K.L.:
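Got a structure for you, written out below as structure tokens; questions coming shortly.
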Amino acid sequence: MQCIEQSSGVSGELLRAALDAVADASITRPEPDQAEVALRLIGHLDRRGAAGRDDHKTLRAILMSNGRVDEAAADRAVHPAADKRSFPARRPLNRQLDPGQARFWRWHVGGQLLDEQAIDLGHSMHLVIDASPGCHFCANAVVDIDKDPMLARLFKHALWISRPEHGLAPAYWSHLNGAHPTHAMPGVLQRQPVG
């Protein structure tokens with residue numbers, strides 16, 4: 001973090017490379033401070049007048065992967081993206097989690113609303129699949145599971161989860177979720193330990 005604060009002698013290209021590295025790490029090696037590091041990097045680029053549309057898109061992806069949807073929406077309001085999609089409304093759970101529960105967001109029928117849900121992952125065994133509607137391997141797996149009665153039984157209570165890709169664009173999820181409602185992929189907007 002200190003090297004970011006002393007970045008006046010660092011080129012914009014290196015700051016941008018650091019921002020890209022944080023984006024990669026937020027997917028493969030998530031850490032709680034990545035969003036703050038990204039905000040500082042983009043701040044330095046902005047003050048130099050060197051931050052472009054793609055840099056802010058990268059920042060928003062990092063914010064989204066850390067569950068900071070409101071900050072991502074605020075950044076897009078100031079630095080408009082090429083597409084004008086709005087972030088979906090979110091309806092929170094409005095209760096404390098019980099021990100062993102984790103939060104996730106399920107697309108509401110119609111696709112413009114995310115309902116927060118809780119699942120007990122702290123007791124017994126659960127099948128949780130980290131998937132993506134845009135991944136052809138995931139889509140093929142869903143088709144194979146639906147065709148095979150034994151697989152269908154094994155995956156009946158599985159929880160398919162997906163990270164907030166494509167800025168939470170409803171159309172991205174609606175096709176796969178509509179075609180395979182028993183294997184719908186809800187979103188995980190915040191990483192948290194199950195206590």
Side-chain angles (χ1 to χ4, degrees), residues 20-31 34-35 38 54 57-69 72-73 76 81-83 85-93 97 100-194:
D20 289 340
V22 172
D24 290 343
S26 72
I27 295 169
T28 58
R29 298 175 309 282
E31 296 290 341
Q34 288 164 342
D54 286 343
K57 184 177 178 182
T58 300
L59 169 68
R60 289 192 293 272
I62 295 165
L63 291 170
M64 292 292 291
S65 70
N66 283 277
R68 296 168 72 159
V69 180
R76 192 165 68 182
D83 75 73
R85 297 174 304 204
S86 61
F87 289 99
R90 285 165 286 140
R91 186 164 45 200
L93 197 57
L97 293 186
Q101 288 191 319
R103 297 177 188 270
F104 65 95
W105 296 85
R106 187 175 298 280
W107 286 99
H108 193 266
V109 177
Q112 293 296 328
L113 175 69
L114 286 168
D115 281 317
E116 191 173 29
Q117 309 276 308
I119 185 170
D120 184 357
L121 295 177
H123 304 92
S124 72
M125 290 181 61
H126 297 273
L127 182 57
V128 180
I129 301 106
D130 186 355
S132 167
C135 168
H136 73 279
F137 295 112
C138 299
N140 291 344
V142 169
V143 170
D144 289 343
I145 290 165
D146 281 343
K147 283 194 244 178
D148 186 312
M150 183 186 296
L151 287 175
R153 191 172 65 254
L154 290 171
F155 282 81
K156 184 175 183 179
H157 299 292
L159 176 64
W160 296 72
I161 61 171
S162 183
R163 285 176 279 237
E165 303 169 61
H166 293 263
L168 287 176
Y172 182 63
W173 277 270
S174 62
H175 175 71
L176 189 134
N177 286 355
H180 304 281
T182 56
H183 309 296
M185 294 181 191
V188 175
L189 304 186
Q190 187 170 357
R191 302 178 185 92
Q192 63 182 32
V194 176

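Position 1 is the first residue of the sequence; numbering continues from there. Small disclaimer: the values here were computed from a predicted structure and weren't measured.
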K.L.:
For residues 124-143, pull every pair meeting salt bridge (charged side-chain N to carboxylate O under 4.0 Å, His left out), keeping only residues two or more places apart or in separate chains.
P.N.:
D130-R163
K.L.:
With sequence neighbours left out, what residues match A158 under side chain to side chain contact (heavy atoms under 4.5 Å, CB included)?
P.N.:
L127, I129, F155, W160
K.L.:
Can you sort out the partners of A118 under side chain to side chain contact (heavy atoms under 4.5 Å, CB included), two or more places apart, ordered by chain and number?
P.N.:
L93, R95, L97, Q101
K.L.:
So which heavy atom on L63 is nearest to which on A35, and how close?
P.N.:
CD2-CB, 4.1 Å
K.L.:
Mind checking side-chain hydrogen bond (donor to acceptor under 3.5 Å, both in side chains) for D115 and listing every partner two or more places apart, or none if nothing turns up?
P.N.:
R91
K.L.:
Name every donor-acceptor pair, under 3.5 Å, that has one atom in a side chain of residues 139-147 and the other anywhere in the protein, sequence neighbours excluded.
P.N.:
from: N140; atom 1: ND2; to: H136; atom 2: O; distance (Å): 3.3
from: D146; atom 1: OD1; to: H183; atom 2: NE2; distance (Å): 2.9
from: D146; atom 1: OD2; to: H180; atom 2: ND1; distance (Å): 2.7

K.L.:
Shortest non-hydrogen contact from A38 to V22?
P.N.:
CB-CG1, 4.3 Å
K.L.:
Nearest heavy-atom pair of T58 and A23: which atoms, and what distance?
P.N.:
CG2-CB, 3.6 Å
K.L.:
Quick one: list whatever passes side-chain hydrogen bond (donor to acceptor under 3.5 Å, both in side chains) with Q117, sequence neighbours left out.
P.N.:
none
